[in-house]
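Shown next, in C-alpha cells, is the structure this report addresses.
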Amino acid sequence: MRLAPARSVVDSEEERALTDPFGVEGKVTIVTGGGTGIGAAIAREFALRGAPVIIASRKAEHLEPTRDALRKAGGRCELFVCDVRDAAACEALVGEAVRHFGRLDVLVNNHGASIAAPSLALSPNAWRAVVAINLDGTFLCSKAAAKRFIEQQGPGCIINLSSIAGIDGSSTMIPYAAAKAAVIKLTESHASEWGPLGIRVNCIAPGPIETEGAASRAWPNERVREAVRLSRALGRFGRVEEIAYPCVFLASAAANYVNGATLVVDGGRVREAEVIQALAK
Ligand code: NAP
C-alpha cells in the first residue's frame with residue numbers, strides 16, 4: 001500500500017496522467033454512505049491507494065467500524081455524521097474534508113435508500129423520503145462539492161451511484177427507480193454545466209451487488225434471489241469491489257476525457273422469458 005499526503009492535485013494532474021494514469025494517490029475523496037456495503041468498499045479501495053477519505057452517513061455506528069478498519073490497514077480516513085437531505089449538512093461535509101485534508105478532489109454520491117411497496121400502498125411521505133435521499137441528496141452534495149472545486153479553480157470529479165432500476169424501471173421499487181433515473185440525467189446535466197470548469201461528473205449503474213442492505217430490500221427470499229441471479233448473463237451477483245474499481249478508474253487521470261457517462265456494471269442481462277424458462281426447469 002502507498003500512502004501520501006494530500007498534495008495539490010491541480011499542480012500534479014498532467015504529470016500524473018503520464019506517470020500514474022490509474023492512480024488516486026493524494027486525491028481527497030468523500031464517500032457518502034461510506035460505512036456500509038458498496039460505499040465501504042469504495043472508501044477502502046481509495047484509501048488503500050493513498051487517497052485521504054471522508055465517509056459520511058446518518059449513523060455513527062455504520063461509519064466507525066469502517067473508519068477504524070481503514071486506519072488499521074494504514075489508510076487515512078475521517079467520518080462525518082450527516083443526512084444528505086440537509087443542504088447545510090452537505091456544505092459542512094465538504095468543510096470537514098477541507099478542514100482535515102486541506103482540499104477536496106472527488107465526491108462519490110453513493111448514499112441510497114429504497115422501499116419495496118406497490119404504488120397504491122405508497123404514502124406521499126414514503127415517496128418523498130426515497131426521492132429526497134437518492135435525488136435531492138445527490139444534488140445537494142454535488143452542489144457543495146462543485147462550489148469547493150470552483151473555489152480551488154478545478155479540477156474536480158463527481159461520481160453518482162444510480163442503478164439498473166434507473167434504466168429499466170422497477171415494478172416493486174417505484175420511487176427508487178424514478179429517482180435513480182433522474183440521477184442519470186442529473187449526471188449528464190452537471191457534466192455539461194460544470195465540464196467547462198474542469199469538473200467531470202459520471203455515473204455508475206450497478207446491477208445486483210451482494211450487500212446486506214440490498215439483500216433485505218431487493219431479494220428478501222430464496223426464490224427472488226435465484227431469479228435475480230439467473231437474470232445476469234454471468235450467472236452471479238456482483239461483489240462490492242466490482243463497483244469500487246470502476247469508481248477508482250473514473251476518479252483517475254485515465255478517465256480524464258470521460259464526462260457525463262453512465263457505466264452499467266451489471267454482469268450482463270438475460271431476457272425475462274429465459275429467466276422464467278430457467279426457473280421452471
Ligand atoms: P447500503 O449498504 O444500504 O448503503 C446505503 C448507504 O446510504 C448506507 O450507508 C446509509 O447509511 C446511507 N444513507 C441512507 N440514507 C442516507 C441519508 N439520508 N444521508 C446520508 N446517508 C444515507 O446499500 P448498498 O447496496 O451498499 O448501496 C450503495 C449504493 O449503490 C446505493 O446508492 C444503492 O442505491 C446503489 N445500488 C446498489 C445495488 C445493490 O444491488 N447493492 C444495486 C444498484 C444500485 P446510514 O443508514 O448510516 O445513513
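All residue numbers refer to positions in the sequence shown, counting from 1. Remember, it's 1-based here, ligands and their atoms both numbered in the order they're listed.
Counting heavy atoms from C-beta outward, L93 and I30 have side chains that approach closer than 4.5 Å.
Closer than 4.0 angstrom to ligand 1 lie heavy atoms from G33, T36, G37, I38, S57, R58, K59, H62, C82, D83, V84, R85, N110, H111, G112, I133, L161, S162, S163, Y176, K180, P206, G207, P208, I209, T211, G213, A214, R217, W219.
With hydrogens and angles left out, the side-chain atoms of N110 and T32 include no donor and acceptor closer than 3.5 Å.
Screening L79, T36, D68 for a side-chain contact (heavy atoms from CB on, under 4.5 Å) with L63, the sole residue that qualifies is L79.
Annotation: ring-ring contact (aromatic ring centres under 6.0 Å, His included) contacts involving residues 130-168, sequence neighbours excluded, comprise F139-H190. Listed by first and then second residue, the side-chain hydrogen bond (donor to acceptor under 3.5 Å, both in side chains) pairs involving residues 225-237 are E210-R225, E226-R229, R232-D266, R236-E242 (not counting sequence neighbours).
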For residues 244-254, tabulate all N or O donor-acceptor pairs below 3.5 Å that involve a side-chain atom, not counting sequence neighbours.
{"unit_1": "S252", "atom_1": "OG", "unit_2": "P21", "atom_2": "O", "d": "3.2"}
{"unit_1": "S252", "atom_1": "OG", "unit_2": "F249", "atom_2": "O", "d": "2.7"}
{"unit_1": "S252", "atom_1": "OG", "unit_2": "A254", "atom_2": "N", "d": "3.3"}

